[in-house]
Protein chains: 4
Amino acid sequence: MTTRERPRDTRARIQQVALDLFAEHGYEKTALREIAEKLGVTKAALYYHFKTKEDILVSIFTDSAEQIDELIEWARAQPPTVETRREVIRRYSGLMRGNRKLLQFMHENQPTLRDLPIGETMKHRMAGLFEVLTDDGQSLPDQLRGRLAVFAISFGTMVGMSDTKHSGDEVADAAVEVALDLIRE
Amino acid sequence: MTTRERPRDTRARIQQVALDLFAEHGYEKTALREIAEKLGVTKAALYYHFKTKEDILVSIFTDSAEQIDELIEWARAQPPTVETRREVIRRYSGLMRGNRKLLQFMHENQPTLRDLPIGETMKHRMAGLFEVLTDDGQSLPDQLRGRLAVFAISFGTMVGMSDTKHSGDEVADAAVEVALDLIRE
Amino acid sequence: MTTRERPRDTRARIQQVALDLFAEHGYEKTALREIAEKLGVTKAALYYHFKTKEDILVSIFTDSAEQIDELIEWARAQPPTVETRREVIRRYSGLMRGNRKLLQFMHENQPTLRDLPIGETMKHRMAGLFEVLTDDGQSLPDQLRGRLAVFAISFGTMVGMSDTKHSGDEVADAAVEVALDLIRE
Amino acid sequence: MTTRERPRDTRARIQQVALDLFAEHGYEKTALREIAEKLGVTKAALYYHFKTKEDILVSIFTDSAEQIDELIEWARAQPPTVETRREVIRRYSGLMRGNRKLLQFMHENQPTLRDLPIGETMKHRMAGLFEVLTDDGQSLPDQLRGRLAVFAISFGTMVGMSDTKHSGDEVADAAVEVALDLIRE
DNA sequence: GATGAATGAGGATTCATTCAT
DNA sequence: AATGAATGAATCCTCATTCAT
């Protein structure tokens with residue numbers, strides 16, 4: 001008797017493979033056929049676990065989105081000091097390191113997200129993040145710096161992969177340093 | 001004699017409409033049918049002016065790419081001082097303001113570009129830009145700052161549109177200020 | 001001890017729900033999923049009770065078909081008088097009032113039935129009915145009248161539902177009157 | 001040089017073949033692939049001429065529907081006498097003889113039509129026809145007779161095909177006789 | 001300088017059906 | 001008596017591309 005391929009957690013495996021391909025080739029260019037083939041199942045199997053292609057994407061976002069929401073909530077409960085904002089940056093970096101692929105997808109598939117309801121949701125979330133990182137009393141450049149800090153984290157976290165000289169975490173750490181420096185009074 | 005619809009410069013009009021749609025909805029999701037409809041011509045007409053869909057995209061990039069190449073060439077001919085780098089930032093900002101849509105497209109369609117020859121070309125170009133903005137002697141955070149400066153320009157130039165309180169140019173100017181500040185010794 | 005959901009007669013409930021949906025949306029457009037959902041069971045459950053989708057349909061027909069067969073047999077055993085034919089009409093009307101949905105299905109899904117063995121069976125049955133209601137000695141219009149009498153019953157029985165001014169039975173009674181009038185020497 | 005297959009009137013040929021198949025096997029069961037194959041073209045060719053499968057159906061209805069509308073309009077402009085109604089029946093029969101397949105489709109695909117906008121349209125049309133053939137002063141059986149007269153025409157026109165002893169037109173003529181007899185004061 | 005008609009490849013989705021549990 | 005997971009075949013439809021005119 002041969003050991004059977006574990007028939008469990010197919011749902012989770014679909015999400016993983018899908019995210020990989022969505023991040024690499026883009027949502028539109030990724031055919032469900034590819035996902036299915038890579039998993040050794042039929043296209044129809046995907047439809048057993050998810051209602052639509054979009055649903056796969058949404059399900060991927062939903063989980064990690066919660067974490068960001070919690071971070072924003074936490075920040076709102078704190079005094080709006082520079083130190084709070086710096087802590088937000090640090091925690092955001094921590095969150096993103098575990099979600100590199102999703103991060104990449106978010107940054108590189110804006111047109112897709114713009115046309116999807118989930119995109120609107122993410123847009124609101126990012127707006128919330130920007131809100132806790134800046135305030136209207138700041139100069140325009142400083143407000144830009146606050147927003148750029150978020151991008152610094154993203155950029156550092158994503159770029160790590162393609163750079164051979166430095167490890168992913170080294171780059172991500174450097175990104176935090178740069179980002180913290182962008183948060184001004 | 002009836003007044004003729006000016007049939008002039010159809011080629012250029014195709015490029016304009018195409019870029020608009022590519023930037024808004026993404027390259028993959030934009031059908032040639034849409035471009036044709038928006039122009040009031042047939043799909044086949046597009047094929048009179050361009051060999052393929054990809055060719056439309058490439059032709060759009062080619063022109064403005066030259067400007068960047070020239071900027072890089074110019075920078076390489078200068079002494080690698082901070083002031084040179086700052087001037088590169090300033091000139092890059094100037095270039096980009098005239099190419100907002102293309103800039104948006106470049107940032108938001110990475111997966112598409114990754115799969116296309118033109119993407120490889122652009123990647124090299126950006127690498128060149130990074131090269132003149134940083135050097136190996138710098139600390140990792142400072143190298144990141146150099147790269148981030150480019151993104152600051154992009155971000156500032158693109159974001160301008162969706163922000164009501166500040167004009168596009170105000171934001172772009174602020175972005176230059178932030179970017180210049182990111183260029184270190 | 002908790003009160004059990006009555007698991008009784010699932011088979012019959014499937015037939016009921018299926019007939020409702022088949023009649024309303026047509027056999028082809030009715031998915032087994034819909035039937036299952038409406039019953040609160042799984043598709044697979046349907047397959048415990050019936051071998052195929054077609055089998056559900058056949059099982060629905062089989063029961064009430066017997067009654068028609070008996071009516072035809074009875075008619076054949078009587079003298080072929082006008083009065084016999086009128087009695088057939090009356091009895092047929094009685095039969096159909098208890099099977100409105102099935103009647104509707106039969107009339108509105110001819111293409112489906114034509115492609116299914118059960119359709120051939122029903123066709124023979126109707127031919128038998130026509131046979132006892134007409135004879136070759138009649139004029140062509142009178143033969144048509146005999147056949148039309150059957151449709152008058154069907155029409156009257158089915159239409160009753162959508163007409164608010166008159167009750168279903170009033171219309172069905174009127175249909176009998178019209179049908180009887182169509183049976184000629 | 002060989003004589004080319006006439007590349008013209010593809011649109012009309014699609015409608016013809018489609019109606020044949022829709023009438024024979026039903027709308028749902030008829031795959032666009034079948035229509036295309038029967039015509040020796042690609043599925044995509046159908047989509048050049050029609051926007052959707054439903055659109056093919058609608059386009060088929062639209063033409064002959066006009067004729068019925070005109071008939072109803074004409075009837076409404078006449079005095080509501082028995083003779084007017086009888087003339088409506090005669091003209092309706094004439095109309096239907098040229099549209100046997102469409103007539104068959106209408107009668108045998110009610111569930112499909114019920115779910116389609118075009119079905120609602122046809123329902124209104126038939127209601128209009130019934131309106132000019134009956135009036136509220138009549139007894140219920142006589143109102144039913146008026147409606148049944150329409151079905152007599154349909155039935156007679158359609159049945160002709162499957163009956164070998166009598167020609168289609170003989171049966172249709174008989175149907176008119178029966179139908180006229182169903183129109184009462 | 002452009003169109004009308006068509007193709008071939010491929011997309012997402014749905015369905016009836018199966019089978020081990 | 002019924003489910004959970006999956007399949008294979010089919011569906012409608014869209015797209016980039018071609019080519020004779």
Side-chain angles (χ1 to χ4, degrees), chain A residues 4 7-11 14 28-36 39-56, chain B residues 4-5 7-11 14 27-36 39-56, chain C residues 4-5 7-11 14 27-36 39-56, chain D residues 4 7-11 14 28-36 39-56:
Chain A
R4 280 277 233 92
R8 213 168 282 93
D9 65 15
T10 305
R11 206 190 125 94
I14 292 173
E28 326 279 353
K29 271 205 72 174
T30 302
L32 293 189
R33 178 186 42 73
E34 290 181 76
I35 300 176
L39 278 164
V41 297
T42 324
K43 262 186 294 171
L46 306 185
Y47 280 91
Y48 177 76
H49 293 282
F50 299 94
K51 270 221 292 265
T52 61
K53 185 185 180 184
E54 192 182 327
D55 196 40
I56 299 181
Chain B
R4 281 272 232 92
E5 299 289 321
R8 257 180 65 272
D9 62 16
T10 306
R11 207 189 122 95
I14 292 174
Y27 176 77
E28 325 280 352
K29 270 205 73 175
T30 302
L32 293 188
R33 179 185 41 73
E34 290 179 76
I35 300 175
L39 278 164
V41 296
T42 324
K43 263 188 292 172
L46 307 184
Y47 279 89
Y48 178 81
H49 294 281
F50 300 93
K51 269 227 288 262
T52 63
K53 184 186 183 185
E54 193 182 326
D55 197 38
I56 300 180
Chain C
R4 281 271 232 90
E5 299 288 322
R8 256 178 67 271
D9 62 17
T10 303
R11 208 188 121 94
I14 292 174
Y27 176 76
E28 325 279 352
K29 271 205 72 175
T30 302
L32 292 188
R33 179 184 41 73
E34 290 179 76
I35 300 175
L39 279 164
V41 296
T42 323
K43 261 188 293 172
L46 306 184
Y47 279 88
Y48 177 81
H49 294 282
F50 299 94
K51 269 226 289 261
T52 64
K53 185 186 182 185
E54 194 183 326
D55 197 37
I56 299 181
Chain D
R4 282 277 233 90
R8 212 168 285 92
D9 66 14
T10 305
R11 205 189 126 96
I14 293 173
E28 326 278 354
K29 272 206 72 176
T30 302
L32 293 188
R33 179 185 42 73
E34 290 180 77
I35 300 176
L39 277 164
V41 296
T42 325
K43 263 185 292 171
L46 306 185
Y47 280 92
Y48 176 77
H49 294 282
F50 299 94
K51 271 222 290 265
T52 61
K53 185 185 181 184
E54 192 181 327
D55 197 38
I56 299 181

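Source: prediction; values computed, not measured. Per chain, numbering begins at 1; letters A, B, ... match sequence-line order.
For the atom pair A:Thr10 OG1 and A:Leu39 CG, the distance stands at 8.0 Å (nearest 0.5 Å).
Heavy-atom distances under 4.0 Å link DNA chain F to C:Thr42, C:Lys43, C:Ala44, C:Ala45, C:Tyr48, C:His49 of residues 42-51 of chain C, given in residue order. Shown for residues 29-36 of chain C: no residue has heavy atoms falling under 4.0 angstrom of DNA chain F.
Mapping D:Lys53 and B:Thr52 onto DNA chain F by nearest heavy atom places D:Lys53 at the nucleotide closer to the 5' end. Nearest-nucleotide positions on DNA chain E for B:Val41 and A:Glu28 put B:Val41 closer to the 5' end.
Contact between B:Thr30 and B:Lys53 at its shortest, heavy atoms only, is O-NZ, 2.9 Å.
For the strand DNA chain E, secondary-structure stems (runs of at least three Watson-Crick or G-U pairs, all distances below 3.5 Å) span E:2-21 with F:2-21.
You'll find the side chain of B:Leu32 reaches within 4.5 Å of the side chain of B:Ile56, heavy atoms only.
Close to F:dA1, at under 4.0 Å from its OP1 or OP2, lies no side-chain N or O of C:Thr10.
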Validation: residues 43-52 of chain C side-chain donor-acceptor distances under 3.5 Å, sequence neighbours left out:
{"from": "C:Thr52", "atom 1": "OG1", "to": "C:Glu54", "atom 2": "N", "distance (Å)": "3.3"}
{"from": "C:Thr52", "atom 1": "OG1", "to": "C:Asp55", "atom 2": "N", "distance (Å)": "3.0"}

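Taking D:Lys29 as the reference, C:Asp115 meet the salt bridge (charged side-chain N to carboxylate O under 4.0 Å, His left out) condition, with sequence neighbours excluded.
Counting to the nearest Å, the C1' atom of F:dA1 and the CG atom of C:Asp9 are 13 Å from each other. Atoms CG (A:Asp55) and C1' (E:dT13) sit 13 Å apart, rounded to a whole Å.
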